[in-house]
K.L.:
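Dropping a structure here in structure tokens format, bear with me for questions.
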Number of protein chains: 2
Amino acid sequence: MLTIGKLGEAAGVKVPTIRYYEQIGLLPEAERSAGNQRLYGRKAMERLAFIRHARDLGFTLEAIRDLLSLSDRPDQSCAAADAIARAQLAEVESRLARLTALKAELERMVVQCAGGKIADCRVIEVLGDHSLCATDHRHPETELAQ
Amino acid sequence: MLTIGKLGEAAGVKVPTIRYYEQIGLLPEAERSAGNQRLYGRKAMERLAFIRHARDLGFTLEAIRDLLSLSDRPDQSCAAADAIARAQLAEVESRLARLTALKAELERMVVQCAGGKIADCRVIEVLGDHSLCATDHRHPETELAQ
DNA sequence: CTTGAAGCTATAGTTGCTAGAGACATTAAG
DNA sequence: CTTAATGTCTCTAGCAACTATAGCTTCAAG
Ligand SMILES: [Zn+2]
Ligand SMILES: [Zn+2]
Ligand SMILES: [Zn+2]
Ligand SMILES: [Zn+2]
């Protein structure tokens with residue numbers, strides 16, 4: 001059995017984060033030692049590794065909650081899990097598209113500035129006027145999140 | 001003079017967001033009508049458009065605060081403004097790199113799943129075990145933000 | 001002149017944590 | 001065995017950048 005600190009170290013998750021996951025019900029309530037300290041076994045460790053990995057792949061905690069409850073029912077079809085993954089892929093693709101446009105605009109800005117006074121700075125000028133942009137990079141309904 | 005609603009419409013910014021910007025000091029306190037409603041002139045409109053555009057390009061409100069105070073001093077060198085823009089470009093590039101890796105992993109996951117039971121689902125399997133990943137996509141110190 | 005939209009303030013909620021305060025538990029050294 | 005240094009406990013508050021709600025006042029159209 002691992003203490004919370006050891007578990008965090010093993011899984012690459014900070015201690016308060018583990019407690020937070022328990023608090024929001026993503027991890028079950030941990031067993032406690034005689035002195036009221038949390039103790040974790042292999043199952044908890046695997047569950048936390050799953051969460052950590054899914055977070056690293058950009059899934060929200062809500063999506064992870066769903067994936068975890070799916071993974072607890074091995075006999076069911078995996079269609080729902082696959083749908084969550086495909087939605088996450090679509091999300092990532094849309095962010096990629098947006099960031100690619102942003103990168104192009106930012107590059108244009110910094111390249112075009114000759115480096116004089118603020119009054120002549122292309123960066124300041126472009127920020128004040130989107131019509132000077134080459135692409136339509138504007139924030140659609142897509143959230144900035146992640 | 002525009003009311004807050006008209007200003008928001010013109011600049012593509014929601015009304016509560018404008019009030020929020022005023023509250024945090026990003027916009028100056030607006031003039032008020034006899035009935036205590038905010039009124040905006042062309043300067044406020046330009047300032048809000050600048051903020052909106054910079055937000056669309058991914059700058060943080062802190063960076064925008066700095067850019068705005070720089071743009072209020074037209075005689076000074078634009079080096080500081082350019083540095084902020086280059087930092088933002090670097091940030092975007094690092095997010096792009098990470099998202100590109102995520103996209104590759106997510107694609108691998110969804111492609112490899114044959115679509116049967118959860119017990120055999122490649123999505124669930126890979127989420128539980130990063131060693132099944134092709135790339136090291138893990139979250140460095142870089143924040144997930146935006 | 002009435003009514004509905006738009007404005008006002010103030011507070012709380014969102015996501016996914018992170019940081020602190022103050023108290024108890026465990027471990028290692030002396 | 002005692003102390004000191006960590007580690008852990010709970011609880012609360014804070015971060016970005018808004019968004020939503022409640023309960024009010026003001027404005028503009030018919
Ligand atoms: Zn410049
Ligand atoms: Zn633009
Ligand atoms: Zn599957
Ligand atoms: Zn992985």
Side-chain angles (χ1 to χ4, degrees), chain A residues 1-27 29-40 44 48 50-68 88 91 95 139 141-146, chain B residues 1-27 29-40 44 48 51-68 88 91 95 139-146:
Chain A
M1 296 298 255
L2 299 170
T3 63
I4 196 169
K6 299 296 177 190
L7 176 69
E9 213 174 319
V13 176
K14 287 175 190 154
V15 167
T17 304
I18 299 174
R19 289 196 278 247
Y20 170 70
Y21 288 162
E22 177 181 313
Q23 188 192 310
I24 64 169
L26 206 56
L27 289 176
E29 294 200 3
E31 278 181 65
R32 298 297 181 117
S33 74
N36 197 37
Q37 301 197 348
R38 290 173 180 83
L39 291 178
Y40 298 91
L48 182 56
F50 185 103
I51 296 170
R52 169 76 213 267
H53 195 207
R55 284 299 292 137
D56 282 344
L57 286 163
F59 290 88
T60 65
L61 294 184
E62 249 328 280
I64 294 171
R65 195 188 294 275
D66 293 345
L67 288 167
L68 281 169
Q88 174 62 14
E91 182 68 32
R95 275 177 211 151
H139 201 126
E141 96 288 350
T142 339
E143 271 319 299
L144 284 173
Q146 150 126 213
Chain B
M1 295 298 255
L2 300 171
T3 64
I4 196 169
K6 299 296 176 191
L7 176 69
E9 213 173 319
V13 176
K14 287 175 192 154
V15 167
T17 304
I18 299 174
R19 289 196 278 247
Y20 168 70
Y21 287 162
E22 177 181 314
Q23 187 193 312
I24 64 169
L26 205 56
L27 289 175
E29 294 201 4
E31 278 181 65
R32 298 294 181 119
S33 72
N36 197 37
Q37 301 198 347
R38 290 174 179 83
L39 291 177
Y40 298 91
L48 182 56
I51 295 170
R52 169 77 214 265
H53 196 208
R55 284 298 293 134
D56 282 343
L57 286 163
F59 289 89
T60 65
L61 294 184
E62 250 328 280
I64 294 170
R65 196 187 293 276
D66 294 344
L67 287 166
L68 281 169
Q88 175 61 14
E91 182 67 31
R95 276 177 211 153
H139 201 126
E141 97 288 348
T142 337
E143 268 319 299
L144 283 175
Q146 156 133 201

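Chain A is the first sequence line, chain B the second, and so forth, proteins listed ahead of strands; every chain is numbered from 1. Everything quoted here is computed from the prediction, not taken from an experiment.
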K.L.:
Tell me, with the steps shown, if His53(A) and Leu57(A) meet side chain to side chain contact (heavy atoms under 4.5 Å, CB included).
P.N.:
CA-CA 6 Å; His53(A) 195 207; Leu57(A) 286 163; 4.0 Å; yes
K.L.:
Under the side chain to side chain contact (heavy atoms under 4.5 Å, CB included) criterion, do Gln37(B) and Ile4(B) qualify, and how do the steps go?
P.N.:
CA-CA 8 Å; Gln37(B) 301 198 347; Ile4(B) 196 169; over 6 Å; no
K.L.:
Closest nucleotide of DNA chain D for Arg38(A) versus for Gln23(A): which of these residues is on the 5' side?
P.N.:
Arg38(A)
K.L.:
Please give me the minimum heavy-atom distance between Ala30(A) and Leu39(A), naming the atom from each residue.
P.N.:
CB-O, 4.0 Å
K.L.:
Which heavy-atom pair separates Leu2(B) from Lys6(B) by the least distance, and what is that distance?
P.N.:
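The answer is CD2-CB, 4.0 Å.
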K.L.:
Heavy-atom contacts under 4.0 Å between residues 7-21 of chain A and DNA chain D, which residues?
P.N.:
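Listed by number, they are Arg19(A).
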K.L.:
Output the distance between atom CD1 (Ile51(B)) and atom CG (Leu26(B)), rounded to the nearest 0.5 Å.
P.N.:
4.0 Å
K.L.:
Work out which heavy atom in Gly5(A) is nearest to a heavy atom in Val15(A); give both atom names and the distance.
P.N.:
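Scanning both residues completely, I find the closest heavy atoms to be CA-CG2, 3.8 Å.
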K.L.:
Round to a whole Å and report the spacing from CD1 of Ile24(A) to C1' of dG16(C).
P.N.:
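Ile24(A) atom CD1 is separated from dG16(C) atom C1' by 8 Å.
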K.L.:
Set out, in order, the CA-CA distance, both residues' side-chain angles and the distance that settles side chain to side chain contact (heavy atoms under 4.5 Å, CB included) for Tyr40(A) and Thr3(A), then state yes or no.
P.N.:
CA-CA 6 Å; Tyr40(A) 298 91; Thr3(A) 63; over 6 Å; no
K.L.:
One thing to verify: whether Arg38(A) and Glu22(A) come together as a salt bridge, which I'm taking to mean a side-chain N less than 4.0 angstrom from a carboxylate O.
P.N.:
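Counted as a salt bridge, because a side-chain N and a carboxylate O are separated by less than 4.0 Å.
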K.L.:
What's the closest nucleotide to the Ile4(A) side chain, out of dC9(D), dG16(C), dC8(C)?
P.N.:
dC9(D)
K.L.:
Go nucleotide by nucleotide along DNA chain C from the 5' end; which of Glu62(A) and Leu39(B) gets its closest nucleotide reached first?
P.N.:
Leu39(B)
K.L.:
Per the end-axis method with five pairs at each terminus, what is the bend angle of the helix from dC1(C)-dG30(D) to dG30(C)-dC1(D), to 10°?
P.N.:
0°
K.L.:
When the distance from CD of Glu29(B) to P of dC8(C) is rounded to whole Å, what number comes out?
P.N.:
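Answer to the nearest Å: 13 Å.
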K.L.:
Could you run down nucleotides 25-30 of chain D 5' to 3' and tag each one B, S or - for protein heavy-atom contact under 4.0 Å?
P.N.:
-SS---
K.L.:
Measure NZ/Lys6(A) against C1'/dT26(C) and give the value in whole Å, please.
P.N.:
12 Å
K.L.:
Report yes if at least one side-chain N or O of Arg52(A) is closer than 4.0 Å to OP1 or OP2 of dG16(C); otherwise report no.
P.N.:
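Looking at the OP1 and OP2 atoms of dG16(C), neither is under 4.0 Å from any side-chain N or O of Arg52(A).
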K.L.:
May I have the distance from Leu48(A) (atom CG) to dC17(C) (atom C1'), rounded to whole angstrom?
P.N.:
14 Å
K.L.:
Can you tell me the distance, in whole Å, between the CD atom of Glu22(B) and the C1' atom of dC18(D)?
P.N.:
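Roughly 16 Å, once rounded to whole Å.
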K.L.:
First locate atom CG of Leu67(A), then atom CD of Gln88(A), and finally report the distance between them rounded to the nearest 0.5 Å.
P.N.:
9.5 Å
K.L.:
For Ile64(A) and Tyr21(A), what are the C-alpha separation, side-chain angles and deciding distance, and is it a side chain to side chain contact (heavy atoms under 4.5 Å, CB included)?
P.N.:
CA-CA 11 Å; Ile64(A) 294 171; Tyr21(A) 288 162; over 6 Å; no
K.L.:
If I compare all heavy atoms of Arg52(A) with all of Val13(A), which pair ends up nearest, and what's the gap?
P.N.:
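Nearest heavy atoms, Arg52(A) then Val13(A): CD-CG2, 3.7 Å.
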K.L.:
Roughly, in whole Å, what's the span from CZ in Arg55(A) to P in dT15(C)?
P.N.:
12 Å
